[in-house]
Structures are given as C-alpha cells and as structure tokens.
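Keep in mind it's a predicted model, so treat the numbers as computed, not measured. Index from 1, following the sequence.
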Amino acid sequence: MKELPQKPFGWDSLRSPKTALLAEGGGQLGIYGVGVFQCFYDYGITFPYYIGVSAAAANIASHLAGHRDRTARFYQEYAARPAYMGLGSLLRTGSYCSLEYIYDTLTNHLDPIDYDTLLACKDEIRVVVTDARTGQADYYGNGAFAARKCTVLMASCALPVFCRPVPLDGRHCFDGGVADSLPVEQALREGCERIVAILNRPGGYEKPPEKGAALYGLLLRRYPALVKALRQRHVNYMTSLRRLEALEAQGRAVLIRPEAPLPIRTFTRRPAALLSRVREQGYADAKRALERDPRLT
C-alpha cells in the first residue's frame, strides 16, 4: 500500500463529517472509474458511504469485495467476447448486453466476486435502479447481495431498448441512470455532508436530450412513466451536475473527471490498449485529486 496523503482531498477525515463516494455510470466509459478505484485501493482510501449507477455500481461492488484489477478484465478483456455484448447477444438473449453472462456466468463462476468480503463490508452501499412502472429511482443497500447474487447490478445496468428489464422484488427494473444519473441528492438525504464524485465527462459538459427519444413511446409503450423519465433525463442530469459543482465551489465536493472528452463511447470494446489508457488516466486524475487541497483551488 502506498503512503496515504496526510489530508486526502485536503480534508482531515473522510468519515467525520460523513463523506460519500459517488460514481457515474456509462457502460464502457466506466473504465475511467476503474482507474480511480485502483488508485484508492493502492492508497487505502475508504469511504463510509458509496453510491453508484449502472457499471459504476459494479465497480463499487468489486472494489468493496477487495478486488483491485477484477473489473479491468471485464472492460478490457471480457467485453470483446461475443457472449458479453453485440448483435450475437441480441439475437440469443434479446439484449445487446448479456447481463446474465456478465453478472452470473462471469461474476459467479468464471471470475467470481468475493461475496464473503463484500458482505462483511461495514460501509454503506447504494445501488441505483429505475422502476419501469413508476419511472422513479430506488436505492438498494448492502442487503441486496445477501443471496450471493448480483441481480441488483443487472437491474442497474439494464439500459432501456438495449436490454430487457430485470425482475427485482416482483417489479421490472432498468438502468438506474434513467431516473437518477448522478444521485447527489440521495447521498445528502442520507447524511453525507461531502462528496467525492467520479464523473466521465470534462468540465463544461452539457448533456443533450436522449437520442431516439421519439421512438421510446413505441419501443417502451408498456412503460409510459419510464418513457417520461428518459425524456427528462438530460434535464435531471444537468440539475444534479450543477448541484455537485456548487458543492465543489463550497469546498464540500471533489470532482474527479477527465480534462477532455474520453476517446471511447458507451459500447467501445476495442482496442484493449485504448481502454487501458483511459483506465490509467482515471488513476492519474484520482492521484492528483488525492494530493490536492481544495482550499488552494
């Protein structure tokens, strides 16, 4: 373990006052966050509260299960497999991304997560999902993994149109980013006074309306509230982002994000070397943030 900065992020403690680690989703863009978590692992940085969306929730779960490099394999190696995602998966499973392959075959068998360590974690975990019927966000805690399954991660990653809904507690659920892409308000509601946020976009980013929004009413006609949430998603995202930036200006948040747009997209699978560079960029940005004193910025 590397020597811990005397004041991580310029703060005396990450536990008093209670500090959240918030991580944004985004499919393969999550490889940036993998680098951040590798940095935290190497420096022994821990938080009392973690909240993540979609792929970022999977990054958090693996990190709290004690793995340093496990999720890197998912982005850089397994994602290139036809069974992971692609047209083949769409034809076989009805989903462009095979969530069963990712969160059952790989996660429970071929590259298993350490459930013992994850379930022993005393820090709070929140995984965001969207209820297809209501279009509202739900927040699952540590107990979601008690059955030693990652169904809640499947639900948090089920991108509408690209994936089928995931049954969870008798409901159909989709990607948590539909209803709450940047769950800053939930972290504040649960007593967090400061936030370290892992974002995939540089400063100045303006989220556009969802592409293909005109088709949502047809393709997702069974879920009108979900369609409404998708059409409102960019507005809610920008509201949450502005909230984070306001907290940053107050010295209550640190935003770890790239200086320029990442050279990958949601479904980028190759080359592995490019994904690796994005991961290394996340590590470097996290290291700079750890050593930065917000009082000097």
Side-chain angles (χ1 to χ4, degrees), residues 1-26 29-64 68 71 121-128 139 176-177 180-203 205 237 240-259 262 279 281-297:
M1 184 180 296
K2 297 182 180 181
E3 183 178 355
L4 182 69
Q6 186 175 8
K7 291 188 175 184
F9 310 108
W11 296 325
D12 292 325
S13 170
L14 299 179
R15 295 183 174 270
S16 181
K18 183 178 177 182
T19 304
L21 187 283
L22 181 156
E24 177 183 8
L29 293 171
I31 187 69
Y32 178 82
V34 171
V36 176
F37 280 110
Q38 287 179 327
C39 180
F40 291 168
Y41 183 98
D42 289 347
Y43 283 90
I45 297 294
T46 63
F47 297 82
Y49 181 100
Y50 295 80
I51 187 165
V53 181
S54 192
N59 289 349
I60 288 173
S62 190
H63 177 72
L64 295 180
R68 183 189 187 276
T71 47
C121 178
K122 301 301 183 183
D123 297 322
E124 296 177 76
I125 306 168
R126 296 292 180 270
V127 177
V128 189
Y139 308 89
D180 197 359
S181 298
L182 298 175
V184 55
E185 296 300 339
Q186 181 64 20
L188 295 173
R189 281 193 294 268
E190 296 201 71
C192 297
E193 297 185 33
R194 297 184 308 207
I195 295 175
V196 174
I198 305 171
L199 306 177
N200 299 323
R201 309 289 186 177
Y205 173 70
Y237 180 97
S240 296
L241 181 59
R242 296 291 179 253
R243 178 73 155 131
L244 281 172
E245 291 173 338
L247 290 172
E248 181 183 41
Q250 298 168 17
R252 295 177 57 197
V254 170
L255 309 187
I256 302 174
R257 54 185 175 183
E259 293 183 356
L262 296 175
R279 175 178 52 79
Q281 180 182 345
Y283 191 108
D285 289 345
K287 185 174 183 292
R288 280 193 292 269
L290 274 176
E291 297 171 346
R292 184 176 76 217
D293 187 338
R295 293 169 298 185
L296 303 179
T297 61

Handout entry: side-chain contact (heavy atoms from CB on, under 4.5 Å) evaluation trace for Val36 with Asp285
Key = CA-CA 7 Å; Val36 176; Asp285 289 345; 5.8 Å; no

Name the atoms and distances for all side-chain donor-acceptor pairs under 3.5 Å in residues 247-257, with sequence neighbours left out.
residue : atom : partner : partner atom : Å
Arg252  : NE   : Glu193  : O            : 2.9
Arg252  : NH2  : Glu193  : O            : 3.1
Arg257  : NH1  : Glu245  : OE2          : 3.3

Under the side-chain contact (heavy atoms from CB on, under 4.5 Å) rule, what do Tyr205 and Asn200 come out as? Steps first, then yes or no, please.
-> CA-CA 10 Å; Tyr205 173 70; Asn200 299 323; over 6 Å; no

Phe40 meets the ring pair (Phe, Tyr, Trp, His ring centres under 6.0 Å) criterion, sequence neighbours left out, with Phe47

Pairwise side-chain contact, Leu262 with Gln281, heavy-atom cut-off 4.5 Å (strictly under) | yes

Q. Do Leu241 and Leu199 touch side chain to side chain, with heavy atoms closer than 4.5 Å?
A. yes

In terms of heavy-atom contacts, Val127 and Ala57 come closest through CG1-CB, 3.9 Å

TODO: Would you please test Arg243 and Leu188 for side-chain contact (heavy atoms from CB on, under 4.5 Å) and show each step?
DONE: CA-CA 11 Å; Arg243 178 73 155 131; Leu188 295 173; 3.3 Å; yes

Arg126 meets the salt bridge (Lys or Arg N to Asp or Glu O under 4.0 Å) criterion, sequence neighbours left out, with Glu124, Glu190

Let me see the working for Thr19 and Phe9 under side-chain contact (heavy atoms from CB on, under 4.5 Å), right down to the final yes or no.
CA-CA 11 Å; Thr19 304; Phe9 310 108; over 6 Å; no

Minimal heavy-atom distance between Ala187 and Ala20, with the atoms involved, is CB-CB, 4.0 Å

Shortest non-hydrogen pair, Asp180 vs Ser240, comes out as OD1-OG, 4.5 Å

With sequence neighbours left out, the residues meeting ring pair (Phe, Tyr, Trp, His ring centres under 6.0 Å) with Phe37 are His63

Rounded to the nearest 0.5 Å, the CD1 atom of Ile195 sits from the CD1 atom of Ile51 at a distance of 8.5 Å

- prompt: Within a strict 4.5 Å, meaning less than it, do heavy atoms of the Ser181 and Val53 side chains meet?
  reply: no

Residues at least two apart in sequence or cross-chain that pass side-chain hydrogen bond (donor to acceptor under 3.5 Å, both in side chains) with Arg15, listed by chain then number, are Thr46, Asp123

Between the CZ atom in Arg68 and the SG atom in Cys39, the distance rounded to the nearest 0.5 Å is 9.0 Å

Heavy atoms of Ala58 and Thr71 approach each other most closely as O-CG2, 4.1 Å

Rounded to the nearest 0.5 Å, the CG atom of Asp42 sits from the CD atom of Glu3 at a distance of 14.0 Å

Self-check item: Arg189/Glu185 salt bridge by N-O under 4.0 Å criterion
Solution: no

Exercise for review: Verify whether one side chain among Glu24 and Tyr32 offers a donor that lies under 3.5 Å from an acceptor in the other.
Suggested key: no

Here the pair of heavy atoms bringing Gly30 nearest to Asn59 is O-ND2, 3.2 Å

OH (Tyr139) and CD (Gln186) are apart, to the nearest 0.5 Å, by 4.5 Å

Residues at least two apart in sequence or cross-chain that pass salt bridge (Lys or Arg N to Asp or Glu O under 4.0 Å) with Arg201, listed by chain then number, are none

